[in-house]
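Take a look at the structure set out below.
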Amino acid sequence: MRHRALPEALFAFTVLYGSWALAGCQAAGRPGAEAVTQQEETRAPAGPGRTGVFLGQGTCAGRGRTAFTEVDCASGQATAAVLARYYGPQSGGPRCPGETDFVLHITAVDAGTSETDSVPEGYACMRNLLPPHPGDPGMGGGPLTVVGDCVYMERHGVVKETACDGSQEHAPEYRVRSEALRRADCPAGTDLYVQVGGGTPVGCARRLGTGEEP
């Protein structure tokens, strides 16, 4: 199906998060917070795909020299698939699937002509078609902290994700073993609580090195 190109004003922002690492130790005190981001402004002049939505669920994106654009998943240009697509800002929206490798943030465009030429603000949860998959448990990357991920303490109350196999600059100190709705629901022996977002906002982590293997 042929579609008209979206206006040149449309932009997508690629945001790669080490994690939204809001963490609190068992010691008293308000948890610290830090967002680790690498942003690149990317133009996306492609029109809505077969779903009728620009970068809709099930479509694919390819990266050119300066842009991410929607492309046919069967083409050699496709590098990542859309796992989920949501409207509105990510800060107040649904959590991306756990296997998300990165998130494309799309700014709103109002061409003033038709819905086909306009795109609301939103975000697309993306997964690389080929490895590496930084969002997988223990890999030390991706936009989410999930069960199986490892973190290290950057400073009091602030943790950042790192690879569980020790291949990155910082050695792993804790591993998220489970998720719970509240801290009180974490299993006995939990050493660190990590905010992971979504319906189960607490990650229950154990310290590594004292009988707790990565």
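We find the NE2-SG distance between His170 and Cys150 to be 14.0 Å, quoted to the nearest 0.5 Å. Distance check, rounded to the nearest 0.5 Å: SG of Cys164 to CD of Gln168 gives 9.5 Å. To the nearest 0.5 Å, the span separating CD1 on Ile106 from OH on Tyr87 amounts to 9.0 Å. Atom CD of Gln90 sits about 10.5 Å away from atom CZ of Arg95, to the nearest 0.5 Å.
Remark: Asp72 pairs with no residue by the salt bridge (charged side-chain N to carboxylate O under 4.0 Å, His left out) rule, at least two apart or across chains. Qualifying side-chain contact (heavy atoms from CB on, under 4.5 Å) partners for Pro134, counting only residues two or more places apart in sequence or in other chains: Asp101, Asn128. Partners of Glu173 according to the salt bridge (charged side-chain N to carboxylate O under 4.0 Å, His left out) rule, which considers only residues two or more places apart in sequence or in another chain, do not exist here. For the side-chain contact (heavy atoms from CB on, under 4.5 Å) test, residues two or more places apart in sequence or in another chain that qualify with Ala81 are Cys60, Leu129. Contacts of Ser167 classified as side-chain contact (heavy atoms from CB on, under 4.5 Å), with partners at least two apart in sequence or in another chain: Ala163, Asp165. The salt bridge (charged side-chain N to carboxylate O under 4.0 Å, His left out) test applied to Arg85 returns no partner, not counting sequence neighbours. Qualifying ring pair (Phe, Tyr, Trp, His ring centres under 6.0 Å) partners for His133, counting only residues two or more places apart in sequence or in other chains: none. Evaluation of the side-chain contact (heavy atoms from CB on, under 4.5 Å) rule for Pro97 yields Leu83, Ala84, Glu99, Thr100, Cys125 as partners, not counting sequence neighbours.
Here the side chains of Val159 and Glu154 are not in contact, with every heavy-atom distance at 4.5 Å or above. Contact check for Ser91 versus Tyr123: no side-chain heavy atoms found under the 4.5 Å cut-off. Looking at Thr107 and His105, their side chains never come closer than 4.5 Å, going by heavy atoms from C-beta outward.
Shortest non-hydrogen contact noted between Val202 and Arg183 is CG2-N, 4.1 Å. Considering all non-hydrogen atoms of both residues, Val158 and Met153 come closest at O-SD, 3.5 Å. Pairing each heavy atom of Glu70 with each of Gly56, the nearest pair is OE1-N, 4.2 Å. Closest of all the heavy-atom pairs between Gly166 and Pro172 is CA-CD, 4.0 Å. Closest approach of Arg207 to Tyr174, counting heavy atoms only: NH2-OH, 2.6 Å. Closest approach of Val147 and Glu179 over heavy atoms only: CG2-CG, 3.5 Å.
The stretch residues 170-203 participates, sequence neighbours left out, in these disulfide (SG to SG under 2.5 Å) pairs: Cys186-Cys204. Legend: salt bridge (charged side-chain N to carboxylate O under 4.0 Å, His left out) pairs involving residues 133-150, not counting sequence neighbours, sorted by first then second residue: Arg127-Asp136.
A tilted orientation is assigned to the rings of Phe102 and Phe68, their planes being inclined by 30° to 60°.
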Show which side-chain atoms of residues 137-144 pair as donor or acceptor with protein atoms under 3.5 Å away, not counting sequence neighbours.
none

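No side-chain donor-acceptor contact under 3.5 Å links Thr162 to the backbone of Tyr152.
Of the options Thr145, Val146, Val176, a side chain to side chain contact (heavy atoms under 4.5 Å, CB included) to Glu161 is made by Thr145 and by none of the others.
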